[in-house]
Amino acid sequence: MTLLQASAVETFYGPSQALFGVDLDVGEGEVVTLMGRNGMGKTTTIRSICGMTPARAGRIVFAGAELAGLPPHRIARLGIGLVPEGRRCFPNLTVQENLVASARPGKWTLDAVTSLFLRLGERLRQYASTLSGGEQQMLAIGRALMTNPRLLILDEATEGLAPIIRQDIWAAIRKLKADGQAILVVDKTMDEVLGVADRCVVLEKGRTVWSGGPAELTPELQDRYLGV
Ligand code: ATP
């Protein structure tokens with residue numbers, strides 16, 4: 001069943017148009033990666049879905065509900081858990097307080113999150129500001145999971161992290177996938193993202209230009225659309 005369906009989405013920053021026709025679907029339990037070179041509209045697509053920069057044209061439907069006109073907190077409550085670029089958490093709260101602050105009923109409890117990220121369990125009483133970048137990213141993902149989202153959105157979750165921490169994050173993403181979590185992921189680590197994705201959607205200049213399975217994204221297509 002389709003969980004998220006975005007069609008012909010157009011989004012502007014003031015007078016400047018950033019999205020010209022984005023089409024994107026995520027099914028229940030599916031991992032979809034949104035790809036494209038820098039500035040092609042990946043973050044803007046996520047901001048449009050989450051209501052931070054609402055679309056001016058097109059349709060975005062999530063779990064049967066039209067998202068047009070809804071503010072971000074209402075969209076979040078429908079079951080979209082966003083881990084934005086830049087791993088936001090409350091620096092002056094402890095790890096535990098950060099996690100509990102976003103909790104909504106469901107299988108993702110403090111125990112479940114700290115079983116996924118053991119490092120968080122070891123640091124429950126530590127202030128978020130004292131965590132390493134990787135631990136803060138785990139906390140940001142943990143906070144999104146604590147909302148018990150039907151769709152988890154990860155925007156550059158592994159950017160700027162040490163390779164070993166990155167591996168921990170990818171291991172967690174693979175576990176979430178195995179657990180049936182629907183995920184929309186943007187990430188520049190191609191091998192890892194193609195290894196976990198069921199489907200890829202490629203943006204160029206604010207438009208969806210290609211979508212298909214990771215095996216169909218040939219080196220020629222990668223060269224044409226992703227410049228790798
Ligand atoms: P990156 O991989 O570099 O994060 P992206 O694919 O996520 O890129 P976006 O950040 O969505 O791309 O940017 C899409 C377009 O919108 C770009 O042309 C960018 O310059 C523009 N843009 C992004 N944020 C703003 C903003 N706050 N105001 C005006 N234009 C913006």
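Atoms within each ligand, like the ligands themselves, are counted from 1 in listed order. Remember, predicted model here, so these are calculated numbers, not experimental data. Index from 1, following the sequence.
- For the 3.5 Å distance criterion, the side chains of T2 and D25 fail to qualify, holding no donor opposite an acceptor.
- Side-chain contact annotation: S102 with T147, donor-acceptor N/O pair under 3.5 Å absent.
- Contact annotation for K188 and ligand 1: only side-chain heavy atoms (C-beta onward) come within less than 4.0 Å of the ligand.
- Of the residues I141, V113, L110, the one that meets the side chain to side chain contact (heavy atoms under 4.5 Å, CB included) test with L120 is V113.
- Evaluated by nearest non-hydrogen atom to atom 9 (P) of ligand 1, the leading choice among I46, T11, V186, T44 is T44.
- Side-chain N/O atoms of D111 and T109 include no donor and acceptor closer than 3.5 Å.
- Counting only distance, with no hydrogens or angles, the side chain of D23 and the backbone of A8 share a donor-acceptor pair below 3.5 Å.
- Close N/O approach between T45 and ligand 1 is not found [any backbone or side-chain N/O within under 3.5 Å].
- For the residue pair T11 / T53, no side-chain donor-acceptor distance below 3.5 Å is found, with atom types taken as modelled.
- Taking atom 29 (C) of ligand 1 as the reference point, the nearest protein heavy-atom neighbour is Y13 CB, 3.3 Å.
- Considering backbone and side-chain N/O atoms, S16 never comes within less than 3.5 Å of an N/O atom of ligand 1.
- Looking only at heavy atoms of the protein, atom 2 (O) of ligand 1 is closest to K42 NZ, 2.9 Å.
- Under the 4.5 Å side-chain heavy-atom criterion for ILVMFWY residues, a single connected hydrophobic cluster contains both M52 and L24.
- There is a side-chain donor-acceptor pair under 3.5 Å between Q167 and E192.
- Nearest protein neighbour of atom 7 (O) of ligand 1, counting heavy atoms only, is T43 N, 2.8 Å.
- Counting only heavy atoms, the protein never gets under 4.0 Å from atom 20 (O) of ligand 1.
- Here is the list of ligand 1 atoms found below 4.0 Å of a heavy atom in R37: 6 (O).
- Residues L152 and L154 have side chains in contact (heavy-atom distance under 4.5 Å, counting atoms from C-beta outward).
- Nearest protein heavy-atom neighbour of atom 12 (O) of ligand 1: G41 N, 3.1 Å.
- Looking at atom 16 (O) of ligand 1, its nearest protein heavy atom turns out to be A18 CB, 3.4 Å.
- Less than 4.0 angstrom separates some heavy atom of M40 from each of these atoms of ligand 1: 5 (P), 6 (O), 12 (O).
- Any N or O atom pair closer than 3.5 Å counts here, and G39 shares at least one such pair with ligand 1.
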